[in-house]
Amino acid sequence: MHYKCNVLQVAREVVWPSSFVWNRGLVSHINLPLMLGPALPRYVRVNTLKTSMDDVLTYFKRQGYTYLGKARSIKELIDFGQKSGKSFLQDLHIPNLLVFPPSTDFHKDSLYTAGHLILQDKASCLPALLLDPPVGSCVIDACAAPGNKTSHLAAIVQNKGKIFAFDLDTKRLATMSTLLLRAGVTCQELANQDFLTVSPCDPKYQKVSHILVDPSCSGSGMPDRMRVLTEESGSDQDERLQALSAFQRRAVSHALRFPSVQYVVYSTCSIHQQEDEDVVKDILEQHPDFRLVNVLPMWPARGLNTFPGSECCLRASLSETLTNGFFVALFQRRSPEEKSTSEEQKTASLHQVNEELEVDSSQVQSKRKYECISQNSVSCTKRKRKKKRKTDKD
């Protein structure tokens with residue numbers, strides 16, 4: 001069935017699937033059933049700096065909510081998302097993440113206002129979860145505002161160690177400071193500074209072992225309803241993506257230059273290959289000392305098959321993972337043993353190539369020699385025949 005309606009009204013009321021591409025020519029007739037995907041649930045992260053999962057479960061039960069246990073599949077979450085009322089689940093992938101019906105509002109809830117609950121999309125929880133710095137680590141959050149990932153990192157390191165958080169936007173950094181204060185984060189050091197200007201050689205950062213890089217991106221994976229009304233033309237979008245991906249490459253490359261860094265997570269809320277797999281592929285070529293880690297094997301959506309090992313990356317979307325559109329890759333510094341093995345493999349590979357070239361060259365020379373002998377033999381035979389015919393005439 002087709003519905004004739006106002007485009008602005010549709011844009012405001014529909015939660016757009018992350019893979020949906022707006023057609024500018026589609027103005028008066030819109031096939032709503034084809035556009036509507038599963039509803040995005042209300043994800044709530046339990047802030048373990050201030051409370052515990054058990055205490056939160058007890059609180060919601062007292063508020064009249066029914067706890068349905070831990071989800072066993074994404075399909076179960078999708079089915080749950082069609083329901084309404086006072087019930088909730090625990091997510092199957094992210095620890096300390098609860099799932100409520102889409103219409104649930106927590107902005108006035110006492111646990112939220114006290115910082116015990118963080119309203120954060122499931123996909124946005126992946127970067128800190130995968131980076132997983134040990135308690136007491138020194139960590140950098142390279143493009144930190146508005147701060148949800150920073151507070152997640154602080155919870156993982158249990159407010160011990162140090163989190164250096166950088167952002168250029170003064171207003172966003174101020175908002176982040178308020179958020180972190182409410183969340184009970186005390187291990188942070190905020191800086192209104194471009195991460196690219198931070199020196200990896202500064203003694204202050206010599207112990208940094210984990211870095212989270214979530215740089216500016218196109219935001220193409222976010223359900224920004226007004227984006228469909230301001231969709232850029234193809235050439236404008238290509239130029240923007242080129243500029244963004246160039247910046248993203250610089251940010252990740254810069255992170256990998258810190259001398260003690262062992263793990264770097266790269267994430268975007270983009271669905272574009274140019275900002276995701278293409279960036280990762282180039283980084284691996286430029287930094288052979290690092291490799292990809294195959295993370296969350298049970299996660300259903302993997303990186304696009306554009307280079308060997310791309311399946312180590314994670315993708316997220318409304319249709320496949322019931323989240324906003326997202327991309328994550330985890331880099332790990334190779335151990336000295338791995339470097340040695342890698343060099344040996346490269347050397348062996350080069351030897352093999354050289355041997356094959358020598359064999360080919362030898363075969364070519366033999367072939368030429370044979371051809372030469374054959375030609376000489378033919379020439380000799382021709383001369384003998386010519387001489388014989390001359391003798392016969394005489």
Side-chain angles (χ1 to χ4, degrees), residues 43-56 59 90-91 93-98 106 109-193 195 198 204-215 251 255 258 260-267 269 295-296 326 328 330:
Y43 291 107
V44 178
R45 179 167 60 82
V46 175
N47 180 16
T48 54
L49 291 177
K50 284 199 163 186
T51 187
S52 67
M53 177 63 81
D54 289 340
D55 288 346
V56 170
Y59 168 82
Q90 187 175 346
D91 186 67
H93 296 113
I94 311 291
N96 302 312
L97 190 69
L98 299 177
F106 288 102
D109 189 280
S110 61
L111 285 191
Y112 169 72
T113 57
H116 292 222
L117 300 178
I118 308 291
L119 304 184
Q120 186 173 0
D121 181 63
K122 176 178 177 175
S124 178
C125 296
L126 288 171
L129 173 72
L130 300 181
L131 189 61
D132 194 26
V135 174
S137 299
C138 286
V139 184
I140 283 179
D141 191 348
C143 310
N148 280 339
K149 297 180 185 67
T150 312
S151 69
H152 196 181
L153 287 170
I156 292 172
V157 300
Q158 298 178 17
N159 251 347
K160 299 174 182 178
K162 179 68 74 174
I163 298 177
F164 300 100
F166 300 93
D167 205 279
L168 261 179
D169 192 312
T170 305
K171 290 183 179 179
R172 282 165 56 88
L173 203 64
T175 301
M176 175 179 173
S177 180
T178 302
L179 184 150
L180 297 181
L181 179 64
R182 184 174 65 190
V185 178
T186 58
C187 63
Q188 83 279 19
E189 183 174 317
L190 305 187
N192 186 199
Q193 183 180 354
F195 172 64
V198 178
K204 185 177 185 178
Y205 309 115
Q206 291 305 292
K207 293 183 179 180
V208 169
S209 57
H210 293 69
I211 300 180
L212 191 156
V213 183
D214 185 60
F258 282 74
S260 300
V261 72
Q262 297 300 313
Y263 292 91
V264 172
V265 73
Y266 169 61
S267 63
C269 53
V295 292
L296 281 187
F326 217 80
V328 193
L330 178 63

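Everything quoted here is computed from the prediction, not taken from an experiment.
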(message) Show, in sequence, the C-alpha distance, side-chain angles and deciding distance for V44 and L119, and conclude whether the side chain to side chain contact (heavy atoms under 4.5 Å, CB included) test is met.
(response) CA-CA 5 Å; V44 178; L119 304 184; 3.9 Å; yes
(message) Quick check: do L180 and L190 have side-chain heavy atoms less than 4.5 Å from each other?
(response) yes
(message) Given 3.5 Å as the limit, does a donor-acceptor pair link the side chain of K50 with the main chain of L111, or not?
(response) no
(message) Can you give me the closest heavy-atom contact between V261 and A255, atom names plus distance?
(response) CG1-O, 3.6 Å
(message) Using a 6.0 Å cut-off, check whether atom OH of Y263 has over 12 heavy atoms from anything other than its own residue.
(response) no
(message) Rounded at 0.5 Å granularity, tell me how far NE2 in H210 sits from CG in D132.
(response) 7.0 Å
(request) Could you please spell out the steps behind the side chain to side chain contact (heavy atoms under 4.5 Å, CB included) verdict for M53 and Q90? (result) CA-CA 10 Å; M53 177 63 81; Q90 187 175 346; 4.0 Å; yes
(request) Without swapping roles, check the side chain of S260 against the backbone of Q206 for a donor-acceptor pair under 3.5 Å. (result) yes
(message) Let me confirm one number: the NZ-CG distance from K122 to L98, rounded to the nearest 0.5 Å.
(response) 12.5 Å
(message) Would you say that S151 contacts N47 through its side chain, given a criterion of any heavy-atom pair below 4.5 Å between the two side chains?
(response) no
(message) For Y59 and S110, which I'm curious about, is there any donor-acceptor pair between the side chains at under 3.5 Å?
(response) yes
(request) Check the side chains of N96 and T48 for a donor-acceptor pair under 3.5 angstrom, ignoring hydrogens and angles. (result) no
(request) To the nearest 0.5 angstrom, please state how far the CG atom of L126 sits from the CG atom of D214. (result) 11.0 Å
(request) Mark yes or no for whether T175, through its side chain, and K171, through its backbone, hold a donor-acceptor pair below 3.5 Å. (result) yes
(request) Drop me the distance from D91's CG to R45's CZ, to the nearest 0.5 angstrom. (result) 13.0 Å
(message) Is any side-chain heavy atom of V264 closer than 4.5 Å to one of F258?
(response) no
(request) Taking all non-hydrogen atoms of both residues into account, name the closest pair between L212 and A128 and its distance. (result) CD1-N, 3.9 Å
(message) Would you compute the distance between atom CG of D167 and atom CG of N192 and round it to the nearest 0.5 angstrom?
(response) 7.5 Å
(request) Of all the heavy-atom pairs spanning C187 and A154, show the shortest one and how long it is. (result) SG-CB, 4.0 Å
(message) Please check this pair: side chain of N159 against backbone of G184, looking for a donor-acceptor N/O pair closer than 3.5 Å.
(response) yes
(request) Please round to the nearest 0.5 Å and tell me the distance separating atom CG of L129 and atom OG of S124. (result) 11.5 Å
(message) Measuring only between side-chain heavy atoms, which start at C-beta, is F326 closer than 4.5 Å to S267?
(response) yes
(request) Provide the closest heavy-atom pair for R182 versus Y112 in the form atom of the first, atom of the second, distance. (result) NH2-OH, 3.6 Å
(request) Determine whether I211 and V139 make a side-chain contact, defined as any pair of heavy atoms from C-beta on separated by less than 4.5 Å. (result) no
(message) Which heavy atom of A144 sits nearest to which heavy atom of T150, and what is that distance?
(response) CB-OG1, 3.7 Å
(request) For P127 and V328, work out which heavy atoms get closest and say how close. (result) CA-CG1, 4.4 Å
(request) Sequence neighbours left out, what passes ring pair (Phe, Tyr, Trp, His ring centres under 6.0 Å) with H152? Give chain and number order. (result) none
(message) Over 60° means perpendicular and under 30° means parallel, so tell me whether F195 and F166 are parallel, tilted or perpendicular.
(response) tilted
